[in-house]
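In what follows, a structure is listed as structure tokens, so that the remarks can point back to it.
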Amino acid sequence: MFLRTDSGIEMAGGTATRSFATPQIGAGKIGAGFGRALMPAPPSSLLDRLARVDWTPDLGTQIGSRDWWRGVATCTALCGAAYMLSPGFGRPIVGAVPAPLSGSQWEEARAQGIAPLAWGADTGKRMASNDLVRPLAEAPERPVIELSATIGDGDDFARVLKRAGVGDDDAARAAGLVGQAVSLGDIPSGTRIALTLGRRPSKSVARPLEQLAVRAKFDLALRIDRGTAGLAMTRQPIAIDDTPLRIQGLVGSSLYRSARAAGAPSRVVETYIKALATKLSIGRDIAAADSFDLIIERDRAATGEVRIGKLLFAGIDQGKKKLQLVKWDGPEGDSWYDANGQTERRGFMGMPVAGRITSTFGMRMHPLLGFMRMHKGMDIGASYGAPIYAVLDGVVQTAGRVGGYGNFIKLAHPGGIASGYGHMSKFAVRAGQRVSRGQVIGYVGSTGMSTGPHLHWEVWRNGQAINPRSISFSSVAALSGAKLRAFKARVSRLLSVQVGSNRI
């Protein structure tokens, strides 16, 4: 670009303001070849020269110079012009204010004005009131009100109705009618109640209950209507299809992720993996080409709702070998049985916490006392607060503070076996409580004589401390007679279920 002061000098960026010219003959020192010609600057006018003068210099610099005095003159001229053009200090400026609107004019303006609804604005134009409009002493009530209420956790059915505006007598009567069909305590929290309240004779009394509708159970809806004889209840049974849901697929890179992607809920997949873990190793024995098979309780209501229950069947097809487990209430309680009606637990005692072994059973140098001492258990390093599980079914004998063990729990198991868990941060069970294998009994800590968060695990047989990893067990329970026939019939029914196309 070119600056105003660059007369006759060509800048490097000025490619659009100069043109190529023909050769100039006798142009002095300008060459005779083709190139850019230097054009003489046109003569400047008086306005251009005045425009180049700095009339407003900085009065804080070069005080007393020619430019400074020019700035003082400019400031004085501007102040004088402002004073001459002002109306004066004794002559206020009068502003015309329109008269305020009133009556019908105000109503018309408000109806067409743009204003928040809180200020009374309307959408569109409406007619203003006239002499035919008669003001009301009070606004009339709606004849019928439809609303809904929700039952909270531990809430009372009648109290829910009262909070919604139902009178005491109607609330007690409605609660009594519903209680005849189902126990009020069995209605799950979060259930919505649809209410219809009728007209009341005066504002000093509660509205009468005209209609009530509630889904009391998954397969039962109740409706209460007001008739000539008062409130009456009608039962509305809901048809339920209890066909189980069967899900199959390939294990792939992850059994858990593949089952979840196939549509199985997370809690069902966890139960499935735990069931398989009683018979085989999930990480070692299961391959990517194996096929999983799950059958889950499912209830489908005629109204469209679906309720998913527990896992009924856990199977895996490994080609040459097929494992099929069915949930059944046998002699040892609710357990997983194979298709032949047998349940078995075998192997060594499992680890009570997920971690690494930092000290084994036997003689060792005590980390705090500094001398050789018999270590009667096993130390498992784990993160603070990690859950600790019972290794076998049993009863809690001790749950409290025990010397150097810190927070300590002792479990008594069948066959003269007992196990102890020390240095816990807190307990999850209490003394005298019966626990099952895999149940959380406490959390990892560093109480007592401890150098960091870990679990000290001890096992006794007939009162003698032994190596926890040396205990092996094998127990088999088999069904027989009528129970075996009923079990076989259930297995046959489950295996006849087709793979479901719906996903959860």
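Sequential numbering from 1 along the given sequence is applied to the chain's residues.
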Check [Y] with [X], please: is the shortest side-chain N to carboxylate O separation under 4.0 Å?
X: Asp155; Y: Arg163; answer: yes
X: Asp293; Y: Arg246; answer: yes
X: Arg226; Y: Asp170; answer: yes
X: Arg215; Y: Glu305; answer: yes

So, do [X] and [Y] sit near enough that their side-chain heavy atoms are less than 4.5 Å apart?
X: Val444; Y: Val353; answer: yes
X: Phe157; Y: Ile187; answer: yes
X: Tyr421; Y: His456; answer: no
X: Lys488; Y: Arg493; answer: no
X: Val326; Y: Trp336; answer: no
X: Gln318; Y: Leu323; answer: no
X: Leu250; Y: Asp290; answer: no
X: Ile380; Y: Trp457; answer: yes

Hey, is the main chain of Gly445 close enough, under 3.5 Å, to the side chain of His423 for a donor-acceptor pair? no
Between Arg490 and Lys327 (side chain of the first, backbone of the second, donor and acceptor by atom type, cut-off under 3.5 Å), is there such a pair? yes
So how far is it from [X] [atom1] to [Y] [atom2], rounded to the nearest 0.5 Å?
X: Asp379; Y: Thr358; atom1: CG; atom2: OG1; answer: 4.5 Å
X: Phe218; Y: Ile238; atom1: CZ; atom2: CD1; answer: 8.0 Å
X: Leu245; Y: Leu294; atom1: CG; atom2: CG; answer: 9.0 Å

Quick one: side-chain hydrogen bond (donor to acceptor under 3.5 Å, both in side chains) pairs with a partner in [range], sequence neighbours left out?
range: residues 231-243; value: Asp241-Thr243, Asp241-Arg300
range: residues 256-274; value: none
range: residues 141-152; value: Glu141-Arg200, Ser148-Arg192

Over 12 foreign heavy atoms within 6.0 Å of CG, Asp169: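 No, because the 6.0 Å sphere around CG of Asp169 holds 12 heavy atoms or fewer from other groups.
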Using a 6.0 Å cut-off, check whether atom CG of Asp58 has over 12 heavy atoms from anything other than its own residue. yes
Could you tell me which residues satisfy ring pair (Phe, Tyr, Trp, His ring centres under 6.0 Å) with Phe408, sequence neighbours excluded, listed by chain and number?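 Expected list: Tyr405.
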Looking only at heavy atoms, what is the nearest atom pair of Pro244 and Val497, with distance? O-CG1, 3.6 Å
Taking only residues two or more places apart in sequence, or in another chain, which ones meet Arg173 in a side-chain contact (heavy atoms from CB on, under 4.5 Å)?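 If we apply the side-chain contact (heavy atoms from CB on, under 4.5 Å) test to Arg173, skipping adjacent residues, the hits are Leu177, Leu231.
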Could you walk me through whether His454 and Ser446 satisfy the side chain to side chain donor-acceptor pair (under 3.5 Å) test, starting with their C-alpha distance in whole Å, then the side-chain angles of each, then the deciding distance to 0.1 Å, before giving a yes or no? CA-CA 6 Å; His454 73 285; Ser446 185; 5.5 Å; no
Kindly determine whether Ile286 and Leu276 satisfy side-chain contact (heavy atoms from CB on, under 4.5 Å), including the steps that lead there. CA-CA 10 Å; Ile286 297 180; Leu276 296 184; 4.3 Å; yes
Listed partners of Arg199 passing salt bridge (Lys or Arg N to Asp or Glu O under 4.0 Å), at least two apart: none
